[in-house]
Protein chains: 2
Amino acid sequence: MASTRGPEAPRDPVSRDRAVRVAVDLADAGGLESLSMRRLAQALGVEAMSLYYHVKNKDDIIDGMVDLVFDEIALPSTDTPWRTAMEDRAHSARAAWARHPWAISLMRSTPGAATLRHLDAVIACLRGAGFSMTLTAHAMSLLDSYVDGFALQEASLPLSEAGDVNTATESFLAQQHMMSGAFPHLAEMAQTHILQPGYAYGDEFAFGLGLILDGIEAAHRGASG
Amino acid sequence: MASTRGPEAPRDPVSRDRAVRVAVDLADAGGLESLSMRRLAQALGVEAMSLYYHVKNKDDIIDGMVDLVFDEIALPSTDTPWRTAMEDRAHSARAAWARHPWAISLMRSTPGAATLRHLDAVIACLRGAGFSMTLTAHAMSLLDSYVDGFALQEASLPLSEAGDVNTATESFLAQQHMMSGAFPHLAEMAQTHILQPGYAYGDEFAFGLGLILDGIEAAHRGASG
DNA sequence: TTTCGTACCTTACACCGTTAGGTACGGCGG
DNA sequence: CCGCCGTACCTAACGGTGTAAGGTACGAAA
């Protein structure tokens, strides 16, 4: 009986970090709208108002959640060419956003330590490869916009399972039977391309990423030799 | 006294379209969190529960709001080269998202008529220019991810006014004085680049868009002649 | 004249984030 | 040993949210 709370509940104490971690689990399991202070407290074995001892308010928790997702993104490695480092980072980021689809629409929150660390490492990588400041800013804006935008599209797909997307799209099309009349090109693309077996929207990511990195590489070569 | 409601309140009747339009105005003015059924009803001169006669629920309103923003995006013109059409469309989309920053994180909603019409027109434009189905899907995923991602980044900036971004960033950096120690590259970029007079994040958009269109054009030429 | 559909209304409920103000308890100085 | 104090939790309550249930005034139609 090490606990002072009696023999029946040897729960460990709440902390901001633990609250944020459990909040991420809740959002992963049931979406962001299933995260309330009361439910989070219950998951921690505590009453709602007790959270405010460890946390400023709900936005504070959400800031922490986003920063925790950022912490899952691999930093660009320092001992590989910049292009490999950026490619790996992009895939790692996409995977992180896909694991936590609720997070992508919360980027408005004030950046935390992991977020800043990540940005800093990316700048260091590109500057270390000889990028000018201007080109570094261009490349970061372009890459991050693409990765985040792709994650946003992916999060808005009907379902996350690759196979279920097809059936969901199909039922959507069937539901809107008039579609082939009102939106013939969209219907054609759905039927002849997206609904084909083996198609997965996630595969589109590599094409755009390669194209963007090609363009950045060309701009870099053109500028620096 | 044409109204049957007495002489003092000649308000016109509520409809789904009018409710959605007023909801967009409310969100534009005070952000998405300032939109509640009660406040929307009040703006329409009606009680909250009366809205449910015209609208299924709040999500129904939000779906309509997003579709209304999509309706503001210019369709790709049919009598210009595909590249010009895509460029104009991208700038129009960015401007629409910038006018309604709350909308970009709501794309998860089920697509409405304007959204589908837009998608259909983009497919028609590219297919008409000789793009294969595969390349059309690639190009759309890439362009939309970039445009939406850029809008998402832009919406998460501290303030929308170009001049205020700098002062906000500056105060942010000053507040985190340790930053130049913990995140030296980020601090350097902020001081030597972003905080320089004349820098506006929105200007980054054109660089990435041009680079992406160059790449798509090269892929198209390589595939079709 | 009765009936009906339209467009609005009031009431009520469960839940939300958060303010205000306790309370049990381990460790500390005296 | 006693009293104090900070830590970590608690209950009660307030104004706000979306919305289910059901009522009401009224023009038009039967």
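Because the structure is a prediction, the values reported are computed rather than measured. Throughout, protein chains are lettered first and strands after them, A, B, ... in sequence-line order, and every chain is numbered starting at 1.
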Exercise. Taking OP1 and OP2 of C:dA7, is either one under 4.0 Å from a side-chain nitrogen or oxygen of B:Y53?
Worked result: yes

Exercise. Just how far, in rounded Å, is P of D:dT7 from CZ of A:R16?
Worked result: 18 Å

For this session: Examine distances only and state if a side-chain atom of A:D67 and a backbone atom of A:T115 form a donor-acceptor pair shorter than 3.5 Å.
Result: yes

Exercise. Between B:F150 and B:R94, is there a cation-pi geometry (under 6.0 Å to ring centre, at most 45° from the normal)?
Worked result: no

Problem set entry | Backbone N/O of B:T136 and side chain of B:R127: donor-acceptor pair under 3.5 Å | no

For this session: Mind telling me whether B:W97 and B:F70 have parallel, tilted or perpendicular rings, with 30° and 60° as the class edges?
Result: perpendicular

Seminar exercise, completed: Each nucleotide of nucleotides 19-25 of chain D classed B (base within 4.0 Å of a protein heavy atom), S (only sugar-phosphate) or -, in 5' to 3' order, makes BBB----

Exercise. When B:H91 is tested against each of B:I73, B:V147, B:L209 for side chain to side chain contact (heavy atoms under 4.5 Å, CB included), which residue passes?
Worked result: B:L209

Problem set entry | Length of the CD-C1' vector between A:E33 and C:dC15, whole Å | 14 Å

Problem set entry | Atom-pair distance (CG on B:L40; P on D:dT17), nearest Å | 12 Å

Exercise. Taking OP1 and OP2 of C:dT6, is either one under 4.0 Å from a side-chain nitrogen or oxygen of B:H54?
Worked result: no

Problem set entry | Short side-chain N/O contact from B:S50 to OP1 or OP2 of C:dA7, under 4.0 Å | no

Exercise. Where the side chain of A:S36 is defined as all heavy atoms beyond and including C-beta, which of C:dC9, C:dG17, D:dT17 is the nearest nucleotide?
Worked result: C:dG17

Exercise. In whole angstroms, how far is the P atom of D:dC10 from the CD atom of A:E47?
Worked result: 5 Å

Problem set entry | Atom-to-atom span, CG of B:L51 to C1' of D:dT17 - whole angstrom | 14 Å

Exercise. Looking only at side-chain N and O atoms, does A:R39 come under 4.0 Å of OP1 or OP2 in C:dC16?
Worked result: yes

For this session: For the pair A:S145 (side chain) and A:S141 (backbone), establish whether a donor and an acceptor sit closer than 3.5 Å, ignoring hydrogens and angles.
Result: yes

